[in-house]
Amino acid sequence: MSWAQSVTQCIQSGGMLTSVADLDESNFLIEHADLYASKTSGFWIGIYRNVNGLLLWQDSSALDFVNWADGQPLGDELAFCVELSAATGYWNVLPCSSQKGFICKKPKSNTFYLFTDAKKDKASGHLNMWILLTLVLIILLGVGSMIYFLFKIKSGGGIGREVRRSSRQLEYSRALTAGDTGSDASNNKGKNEHSVV
């Protein structure tokens, strides 16, 4: 990829072309770049020359360390892009359109800590605990009620079954007594019919 394409690719992945702060970081990059020497001769790094001719890192870090190859950098070229050589680890100036690998560096994770009034947090924690306790009790009561009613339905309702049994007995005894009076009525009806004919 060209230097510009590499910059775009790094930004899209949440980083920037790498800066090199010191010899330790340079040695780390050289060690890992050497692993890819068979695939590319070098890697773009994030140093560039701005329109005023100043050398800058893309991530705006200070340019306190350099690892130029012999005879580098060349002149005052404005098209000034830098590769880290995979073979030697030294830096070389190349045309920015050259096709190289690239090394992205993601900034360290920015962690924000919010400080609040501890008393308010403690009160809020107690409120949350009471809400949770209330919900658990409601759920337990609901489950207990369901189990109770399911047991009652399965066992036939206990008292309800006896009420139904006594109700059936009452209906049976009424039917018997109604049968006795009913037979007299049908006999009288039969007599009336015989007499009319």
Side-chain angles (χ1 to χ4, degrees), residues 1-140:
M1 287 189 174
S2 70
W3 190 86
Q5 290 170 326
S6 300
V7 168
T8 302
Q9 194 71 29
C10 284
I11 290 171
Q12 287 175 348
S13 66
M16 294 184 180
L17 282 176
T18 191
S19 57
V20 184
D22 54 30
L23 185 59
D24 290 335
E25 196 169 28
S26 180
N27 288 336
F28 174 82
L29 292 173
I30 291 166
E31 182 181 316
H32 288 86
D34 187 44
L35 298 173
Y36 298 96
S38 64
K39 296 183 181 183
T40 183
S41 61
F43 297 89
W44 292 122
I45 58 175
I47 196 169
Y48 70 100
R49 185 181 301 246
N50 71 4
V51 292
N52 298 327
L54 297 174
L55 294 175
L56 302 171
W57 285 112
Q58 185 191 8
D59 65 3
S60 301
S61 59
L63 186 60
D64 294 335
F65 173 81
V66 292
N67 194 22
W68 295 111
D70 289 335
Q72 297 288 327
L74 300 172
D76 279 343
E77 314 162 29
L78 283 179
F80 191 91
C81 295
V82 178
E83 71 146 350
L84 178 135
S85 170
T88 66
Y90 290 113
W91 303 352
N92 300 301
V93 175
L94 294 176
C96 295
S97 60
S98 299
Q99 300 297 304
K100 298 290 177 181
F102 57 96
I103 302 170
C104 295
K105 183 185 220 179
K106 291 187 178 182
K108 291 181 182 175
S109 174
N110 292 328
T111 306
F112 296 97
Y113 294 96
L114 299 177
F115 294 96
T116 60
D117 186 6
K119 291 179 184 176
K120 288 182 184 176
D121 287 343
K122 192 173 183 181
S124 175
H126 287 303
L127 178 64
N128 290 340
M129 186 169 55
W130 282 111
I131 291 171
L132 180 64
L133 185 59
T134 303
L135 287 173
V136 167
L137 288 174
I138 290 171
I139 290 170
L140 288 174

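All residue numbers refer to positions in the sequence shown, counting from 1.
How far SG of C10 is from CE of M1: 9.0 Å, rounded to the nearest 0.5 Å. Annotation: the span from C104 atom SG to Q12 atom CD amounts to 10.0 Å, rounded to 0.5 Å.
Proximity of a side-chain donor or acceptor of T134 to a complementary backbone N or O of W130 within less than 3.5 Å is detected.
Looking at L29 and I103, their side chains come closer than 4.5 Å, going by heavy atoms from C-beta outward. Counting heavy atoms from C-beta outward, L17 and I45 have side chains that stay 4.5 Å or more apart. With a 4.5 Å cut-off on side-chain heavy atoms, L55 and Y48 do not count as touching. At least one side-chain heavy atom of W44 sits under 4.5 Å from a side-chain heavy atom of C81. Side-chain contact between Q58 and V7: present, with at least one pair of heavy atoms (C-beta onward) separated by less than 4.5 Å. Inter-residue side-chain proximity for N67 and L23 is flagged as unmet; no heavy-atom pair is nearer than 4.5 Å.
For Q72, the side-chain hydrogen bond (donor to acceptor under 3.5 Å, both in side chains) test picks out no residue, with sequence neighbours left out. With sequence neighbours left out, F28 forms a side-chain contact (heavy atoms from CB on, under 4.5 Å) with H32. The side-chain contact (heavy atoms from CB on, under 4.5 Å) search around S85 returns A87, T88, N92, not counting sequence neighbours. Partners of S97 by side-chain contact (heavy atoms from CB on, under 4.5 Å), not counting sequence neighbours, listed by chain and number: P95. Annotation: side-chain contact (heavy atoms from CB on, under 4.5 Å) contacts of L135 (sequence neighbours excluded): I131. Qualifying side-chain hydrogen bond (donor to acceptor under 3.5 Å, both in side chains) partners for D59, counting only residues two or more places apart in sequence or in other chains: S19, S61. Considering only residues two or more places apart in sequence or on other chains, W57 meets the ring pair (Phe, Tyr, Trp, His ring centres under 6.0 Å) condition with W91.
The salt bridge (charged side-chain N to carboxylate O under 4.0 Å, His left out) contacts involving residues 82-97 comprise E83-K100, where partners must be two or more places apart or lie in separate chains. Residue pairs meeting the salt bridge (charged side-chain N to carboxylate O under 4.0 Å, His left out) criterion with at least one member in residues 17-27, sequence neighbours excluded: E25-K105. Within the structure, side-chain hydrogen bond (donor to acceptor under 3.5 Å, both in side chains) pairs that include any residue of residues 1-11 comprise S2-Q5 (at least two apart or interchain). Counting only residues at least two apart or on different chains, no disulfide (SG to SG under 2.5 Å) pair has a member in residues 19-71. Pairs passing the salt bridge (charged side-chain N to carboxylate O under 4.0 Å, His left out) check and including a residue from residues 8-17, sequence neighbours excluded, do not occur.
Across L140, I139, I138, a single residue satisfies side chain to side chain contact (heavy atoms under 4.5 Å, CB included) together with V136, and that is L140.
The nearest pair of heavy atoms linking W68 to I47 is CZ2-CD1, 4.3 Å.
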